[in-house]
Structures are given as structure tokens and as C-alpha cells.
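This report concerns only the one structure given below.
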Amino acid sequence: MPGQHPEQEDMVKGGEAELRRHRLAKMERFRERGDDPYKYLYERTHTIQEARSAFEDLEARTAQEELQPLPASLAGRIVARRIQGKSTFMDIRDECGRIQVFLGQKQVGETAYEASKDLDIGDFIGVKGGIKRTHRNEITLFAEEYGLLSKSLRAAAEKYHGLSDVETRYRRRYLDLVANPEVMDIFRKRIRMIDAMRGWLLNHGFLEVETPMLHPIPGGATARPFITHHNTYDADFYLRVAPELYLKKLLVGGFEKVFEINRCFRNEGVDTRHNPEFTTMELYEAYQDYRGLMDETEDMLTHVIETVVGSRQFTYQECELSVERPWKRLTLFEAIRQYAGIDLEATRDRDEAARLAMSAGVEITPDVGYGKIVDEVMSLKVQPHLIQPTFLYDYPIELSPLAKKKRGNDALTERFQPFIACLEVGNAFSELNDPIDQRQRFEAQAALREAGDDEAQYLDEDFLTALEVGMPPAAGLGIGIDRLAMLITDSPSIRDVILFPQLRPGD
RNA sequence: GGACGGGUAGCUCAGUCGGUAGAGCAUCGGACUUUUAAUCCGGUGGCCGCGGGUUCGAGCCCCGCCCCGUUCACCA
């Protein structure tokens, strides 16, 4: 492979290796001219975007015949070059803009012009000169002097079709960002989305905290964990599947409103909606229940979407969506009655529930329990209908070992989930703070685990001890940041909103 | 894990019936002082994903494997 043993490539002609040799030679020539091909700094007067608007302002308030070139020093990467003998046009690009540069032999001098032939697409340069329009009306920086800031040794992607090979785009995202400027817009949107959410949280009195990534016992979600090892302690740790239990310990400690935006890791399947590591926002609020939190969730998500997309209406994969409040709210069982046409709430009997589910066309295997049946019907028969923002609430207790029982109904928990465009974007509940109840729930999970369910949650004595010290009544919410980013950026795959998505190692 | 689609030059892609591997862009050399997918002339560039097999002969057919995508399964 090129780069590993460049000295062995000397015999190779053409292709990438030869291109790299040419560029190394050009780099050497800069050195021979006493010009460091890798500078330490460059003082620019404007970003490209700033320079453009400064020039347009100037044009707007100056009479045509009095218009003078706007002096500027700009820096960027050469993305295109059109050489015509003694004059050269280049397009340079920085993070937010692109501008044409004119390099004339007469203007920069014969020596400097000659040296410019050793520039390549991909090089970073700094250019000082005046901005004016060409005869073809293109805003252009006319160079008085220029300098190489950083030499590129490898070829860029094709200039017209860009880079479209999905694997290369994901594995070498920097090439994707260079070749496809719209990709950067997606990630800027994701960043603004997180900023907007953090802003909302801080405005509402939440404190941002950080809790461990390495857990001695994985907890807070039903999921298979990654295992790692600590050498000094000679102990195994699990990459966290959720920060939930630690955040609740902070409520025990006296924090009242906390949140964390950070990574979780789940050792499970990979597809368009799942990446092994993903980002969640989890918040916990003392003296609040799931009803109040539903209102807050609606407020927060609406605020975030409105801030980033600039409207309460937006499109996701051909789907017209509106986050206009209030959002639809249905209990899970109402939704099942409505969309699956069966009443699973009427029975608590596993076999009866299985029979009903089958009658609605949902395949049920003998090993799944009541909770799982409800879950199955929900995801197959209900979720595909939840296009406009909808809250489902009141989930069976079997599915929610960390949620408080519903007042007046021991079979249910006070839990809700927001759905948008059929995507589950969050999960929330009145937090279970009764240590006796919590112990029983853990024991039920442990029994499932004994029975072979390797996703059932572990009994966490440490957490139970904390609850026994006393946790205030509270509500908690988790939001899948990546999925929300998919919605906001109209991306069909989670990999499009993760800078470096996880692929099989190799190449 | 199953099904389907894909992997050919640095990039984007063609490749007929099994008969000497192609184009555009990029790159290199030449011409060119207002181009913007610059133009014109000439050149370099290939482990056709990897390994077997069939055949006089395989990019193409057969078998196995690897990687990517979609989807189903699994799963928050």
C-alpha cells in the first residue's frame, strides 16, 4: 500500500504511487527555495464567507465607478485549478465558503508564478490581495502574494461526481467531508441540535454531569454489554449500556435536576438505526412525575427541532411532519386496540395474550412472556403508524424494571415513549425509588436471566443500597440523540449522522 | 445468521457470446493572460476483492471465503 514503503514504490509508474512521488518532489522544491511546505500559522483578515459578505456590503453602498478592490488575506484548501499559461484561476475553500483566486504572472512576479506550478489540488494556501469581480461576474481574490501553507501528498476525489463509495465515505470520513460539502452541513446540524438541547436544559435549571463509562455491573437498560478488562485491578468492566443508575445515585446524593449527554455501548446488531456506540441524553428531575415530564419532553423536543430546522414543520424521508403542540397521546394498550384491533389489556394470561397477538397476525414463539408479546405487537402493529409525534404511555411492568408502578394499577408502570416518523426517539418514566420494589424487580430479571435471557438486567446491590438511603420522587427521560439527528437532517441511516460509524475492522 | 444487490485505474463508471482490459475526471508533458466540470494535443496508470476449479483461453462460468449496502431475523 502506498505510504507504508514509499522507497519501494520508486519503480512503480503511474497511479497513486507516482502521484505521491510527484508531489513529494514538488514539496522538495519548495524546501529548496527556502519555503517550508508546512507553515506554522497564517494571519487571515477574513474567513471566506466574511470576505464575501464584506465585499457584497461594499458593493451595495459604493457607486460602481468608485468601487475599489477590498483588501483581504484568505486561507483555504485548493479545490480546483484552471491554468492558462501566464494566469491561473483557483478555487479555494475553507470551513464555510469557497472563493475564486486569480493568480497572474504580472501581479505576483515571474519567480512566484513559476513556483505556483508546484501547487496541487488539496494544498492549503494563504493568499493576500484585493477582492473584485471578474468580467464573468465572479467574486474573486486577485492575488498580490500567495504562500503554500500545507502540502497535500495524495489525490482528492473526482471533482464532478465526488466521492460516493459508501464504505470509503464511512471509513475515511475526512475524504467524504472534503469531497461532499453537504456532509459537513449534516454534522453542523447535529451539533446545533445538541447545543439547542443543552441550552434548553440549562435554561430549565438542569446541571450537566458526567458519570462512569466503565461499569462493574452493566445496568440501566436491557441490553448486551461490551466487556473490557482493567489490568491494575485485574477486574472486568462493562462499557455502559446506560448512565441511568449513576444519575439516580446523584438524586440520592441531593442533586435535583441533572442531565448527561454522552455515549452508550451495546453489543448488539448493527443496522440503519443501531450503531454499537451511540449518544443519549438522559435527564432526571426530582419531585416530578411522568405526566409533567411528558409536557417538558414535548416542550424540549419542539424547541430543539424549531431551533435547528427553523420551523415546526419538516420532512423526513418523504414524510411531512409537524411538531405543532399538543402531540398525540395514547396509552400503549389504546394504541394496540386502535392499530392491531385486539385488547391485550383485558388479559394478563400469557397464552391468551399470545393467542390474541397471533389473531392480529403477529408471530409469537412459545418462549416469550407476556411483556414481550405486548412489545412485539407494539413494534409490529403500532409503531409503523406513529408518524406524527406521538406519546405512548403506561407500559406493562414486565417491560420496565426501573419504572414506578402506575398509581391504581400494579400491572402497569408510569412510563412513556415519544415516537416521530415511526422512530422511537426516547424513553421516560416516573423513577422507581422504592428499594423493596426495586429488589423484587431485579429478582424477576435475575429469574429471566437464569431462564436464559442474556439481556435481562443484573441485580445491582450497590444501587439498591443507594435507594435505601433515600431517593426523592423523580422522573427521568432518555433521548436517542442519533435518531433525533436522523430526523432533523432527513438521514435514512444512523451512519449518516455519526462521524465515524463502526464498521467491521480491516482494510 | 438468511435473502438480494455490489466490489474493474486515485475517483465516477462501462465491459457484448468466454477470445489482447476501456471511458471521463484526476495525474504527467506540451500550447494558452479572464477561467469557473476551462479548452486543445500527447502520455503514464490495472492482483478486474481473495483463493480454488472448469476451459486451449476466465473480469465474465462453477465452488469457497472476505468486505460494503439494503432487507429480514435479532435487538432499544
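We name chains A, B, ... by the order of the sequence lines, and we start the count at 1 in each one.
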Item to check | By salt bridge (Lys or Arg N to Asp or Glu O under 4.0 Å) - contacts of A:Asp394 (at least two apart) | outcome: A:Lys406
Next on the checklist: Looking at B:U12 and A:His161: do their rings stack (centroid distance under 5.5 Å, interplanar angle under 30°)?
Outcome noted: no
In a table with atom names and distances, give each donor-acceptor pair under 3.5 Å that connects a side chain of residues 491-501 of chain A to protein atoms at least two apart or in another chain.
unit_1: A:Ser491; atom_1: OG; unit_2: A:Thr489; atom_2: OG1; d: 2.8
unit_1: A:Ser493; atom_1: OG; unit_2: A:Arg495; atom_2: N; d: 3.1
unit_1: A:Asp496; atom_1: OD1; unit_2: A:Tyr170; atom_2: OH; d: 2.9

Checklist outcome for this item: Taking a pair to mean Watson-Crick or G-U wobble geometry with both distances below 3.5 Å, B:C65 pairs with B:G49
Item to check | Pairing partner of B:A38 (Watson-Crick or G-U wobble, both distances under 3.5 Å) | outcome: none
What's touching nucleotides 27-31 of chain B from the protein side, N or O pairs under 3.5 Å?
unit_1: B:C28; atom_1: OP1; unit_2: A:Lys26; atom_2: NZ; d: 2.5

Next on the checklist: Please evaluate residues A:Glu298 and A:Arg329 with respect to the criterion salt bridge (Lys or Arg N to Asp or Glu O under 4.0 Å), reporting the C-alpha separation (whole Å), side-chain torsions for both, the decisive distance (0.1 Å), and the verdict.
Outcome noted: CA-CA 11 Å; A:Glu298 195 177 293; A:Arg329 298 183 183 195; 3.1 Å; yes
Checklist entry - When all nucleic acid strands are considered with a 4.0 Å heavy-atom cut-off, which category describes A:Asp165: base, sugar-phosphate, or nothing? => result sugar-phosphate
Checklist entry - Base, sugar-phosphate alone, or nothing: which one does A:Gly162 contact when heavy atoms must sit under 4.0 Å apart? => result sugar-phosphate
Next on the checklist: I need a per-nucleotide contact map over nucleotides 71-76 of chain B, read 5' to 3'. Cutoff is protein heavy atoms under 4.0 Å; write B for the base, S for backbone only, - otherwise.
Outcome noted: S--BBB
Checklist entry - After noting the C-alpha distance and the side-chain angles of A:Arg31 and A:Glu28, does the key distance pass the salt bridge (Lys or Arg N to Asp or Glu O under 4.0 Å) rule? => result CA-CA 5 Å; A:Arg31 289 226 159 90; A:Glu28 258 331 293; 3.7 Å; yes
Next on the checklist: Nearest heavy atom decides the nucleotide; on that basis, is A:Lys86 or A:Ala156 closer to the 5' end of RNA chain B?
Outcome noted: A:Ala156
Checklist outcome for this item: Hits for side chain to side chain contact (heavy atoms under 4.5 Å, CB included) against A:Thr62, two or more places apart or cross-chain, chain-then-number order -> A:Leu58, A:Glu66, A:Leu67
Checklist outcome for this item: With sequence neighbours left out, the residues meeting side chain to side chain donor-acceptor pair (under 3.5 Å) with A:Glu59 are A:Arg133
Checklist entry - OP1 or OP2 of B:C68 sitting under 4.0 Å from any side-chain N/O of A:Arg504? => result yes
